[in-house]
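A short write-up of the structure that comes next.
Each chain gets a letter, A, B and so on, in the order the sequences are listed, and its residues count up from 1.
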2 protein chains.
Amino acid sequence: MPTPKDLQQSGLKATMPRMKILEIFENRRDEHLTADDVYRILVTSGLDIGLATVYRALTQFEQAGLLQKQNFESGKAVFELNRGEHHDHLVCLQCDRVVEFCDPEIEKKQSEIAAKLGFKIQAHDLCLYAECVDAACPHRPSKKTL
Amino acid sequence: MPTPKDLQQSGLKATMPRMKILEIFENRRDEHLTADDVYRILVTSGLDIGLATVYRALTQFEQAGLLQKQNFESGKAVFELNRGEHHDHLVCLQCDRVVEFCDPEIEKKQSEIAAKLGFKIQAHDLCLYAECVDAACPHRPSKKTL
DNA sequence: CTTGTTGCAAATATTTTGCACCCAT
DNA sequence: ATGGGTGCAAAATATTTGCAACAAG
């Protein structure tokens with residue numbers, strides 16, 4: 001349940017579409033949603049919000065630091081709530097599940113490498129593509145509805 | 001200068017369009033080209049090859065292991081020659097220059113992390129986005145022509 | 001009120017595909 | 001000759017934008 005202030009602090013008016021979109025991400029703290037996922041969820045919930053508005057909101061929220069954007073190899077951009085602490089991703093090649101992790105040693109090594117090459121890191125993307133070791137992997141799960 | 005065998009070994013006929021496209025990558029061993037970059041280079045060189053053919057060739061070459069595909073945050077896929085040894089990328093935020101590197105320690109840590117999470121890594125993408133430390137960074141260089 | 005915001009439709013951008021014709025093998 | 005390959009145009013996908021109507025501060 002986001003408050004109007006979450007948006008106003010970023011100079012954005014607290015409109016109904018924006019509040020609803022932000023709420024979707026707060027209700028799904030560890031999912032990674034595409035613009036279309038968000039749009040479908042809104043429509044399914046009976047809300048008449050345009051896809052263009054979803055794209056605009058996602059872009060603004062990312063710039064405001066409320067959301068983080070990721071480009072996995074699917075071709076579509078996915079968004080998730082920005083919870084402050086940085087993390088990287090591991091995507092299961094069998095079921096698309098996304099696991100998050102963060103390794104300080106890798107982070108440190110990255111900075112060292114960049115420094116050695118004459119650069120200062122502003123951001124990075126690390127995504128591991130892997131297969132489940134145990135057979136319990138729930139291949140291709142059902143898709144989001146609420 | 002690619003030979004017909006490079007393609008035939010992968011079950012692909014050694015046609016003129018394919019040979020020319022492969023040649024472009026061999027002449028630019030450390031550039032990262034989009035489908036449109038390749039198309040433009042062909043047209044500029046007076047070759048009448050369709051954009052669809054470029055896309056088909058790039059996809060086939062990637063599957064054949066001749067090229068590697070990368071998805072940076074630009075939204076367009078870029079391709080480069082597959083020179084066997086794996087490497088990661090650092091993209092300069094000022095001039096789009098791409099520097100390649102490989103760190104065995106990071107690679108090792110990645111496998112450990114995946115193993116701990118119950119996965120076996122098949123692939124990974126690591127891309128650092130950074131700014132030049134020295135002012136010599138050639139901001140926004142001219143674009144490819146041959 | 002005033003300016004930012006929205007929905008819709010149309011425009012972009014990137015990549016894929018159907019199909020008749022063409023060319024390596 | 002024959003089956004894969006090509007160009008073109010149209011389709012599919014993902015995202016952006018122009019604009020008139022609308023709503024938040």
Side-chain angles (χ1 to χ4, degrees), chain A residues 2-24 32-43 45-64 66-67 69-79 96 143, chain B residues 2-24 32-43 45-64 66-79 143:
Chain A
T3 68
K5 278 211 286 190
D6 294 325
L7 293 173
Q8 291 165 342
Q9 286 172 347
S10 309
L12 299 171
K13 286 187 183 174
T15 63
M16 183 276 276
R18 284 178 183 154
M19 294 294 277
K20 288 298 180 186
I21 292 170
L22 193 48
E23 189 182 339
I24 286 174
H32 297 71
L33 306 175
T34 64
D36 196 60
D37 287 336
V38 173
Y39 177 65
R40 276 202 220 298
I41 293 171
L42 290 168
V43 171
S45 305
L47 294 168
D48 192 21
I49 294 173
L51 180 56
T53 300
V54 173
Y55 272 106
R56 280 185 283 234
L58 294 180
T59 302
Q60 292 160 336
F61 291 179
E62 191 209 354
Q63 286 168 351
L66 294 168
L67 296 181
K69 184 180 184 177
Q70 301 291 327
N71 290 289
F72 297 151
E73 60 180 23
S74 68
K76 311 183 194 185
V78 296
F79 294 81
D96 286 343
K143 268 295 175 184
Chain B
T3 67
K5 277 212 285 189
D6 293 325
L7 293 173
Q8 290 164 341
Q9 286 172 348
S10 307
L12 298 171
K13 285 187 183 174
T15 63
M16 184 274 275
R18 285 179 182 155
M19 295 295 277
K20 289 298 181 187
I21 291 170
L22 193 49
E23 187 181 340
I24 286 174
H32 297 71
L33 306 174
T34 64
D36 195 61
D37 287 336
V38 173
Y39 177 66
R40 278 202 218 299
I41 293 170
L42 291 168
V43 171
S45 306
L47 294 168
D48 191 20
I49 294 175
L51 180 55
T53 299
V54 173
Y55 273 104
R56 281 185 282 234
L58 294 180
T59 302
Q60 292 160 336
F61 291 179
E62 191 209 355
Q63 287 167 351
L66 293 168
L67 297 182
Q68 281 185 234
K69 184 180 184 176
Q70 301 290 327
N71 290 290
F72 298 152
E73 61 181 21
S74 68
K76 312 182 194 183
V78 297
F79 295 80
K143 268 293 174 184

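Between A:L7 and A:F61, some side-chain heavy-atom pair lies under the 4.5 Å cut-off.
Distance A:R56 CZ to D:dG18 P: 11 Å, rounded to the nearest Å. Atom P of nucleotide D:dG4 and atom CD of B:Q8 are separated by 15 Å, given to the nearest angstrom. The CG atom of A:D48 sits 13 Å away from the P atom of D:dA23 (whole-angstrom rounding). D:dA11 atom P lies 17 Å from atom CG of B:L51, rounded to whole Å. For the pair B:K13 NZ and D:dT2 P, the interatomic distance rounds to 13 Å; values are reported in whole Å. As a whole-Å value, the separation of A:F79 CZ from D:dT15 C1' is 10 Å. Atoms OH (A:Y55) and C1' (D:dG18) sit 18 Å apart, rounded to a whole Å.
Mapped onto DNA chain D by nearest heavy atom, B:L12 and B:A52 fall at different nucleotides, with B:L12 at the one closer to the 5' end. For the pair B:A35 and B:M16, both in contact range of DNA chain C, the more 5′-proximal nearest nucleotide belongs to B:A35.
Here the NZ-CD1 distance, from B:K20 to B:I41, works out to 13.0 Å after rounding to the nearest 0.5 Å.
Between the side chain of B:R18 and the backbone N or O of B:A57, no donor-acceptor pair lies under 3.5 Å.
For B:R18, the side-chain atoms get nearest to D:dG5 when compared with the rest of D:dG25, D:dG18, D:dG5.
Along DNA chain C, the stretch of nucleotides lying under 4.0 Å from any heavy atom of chain B spans, 5' to 3', C:dT14 to C:dT25.
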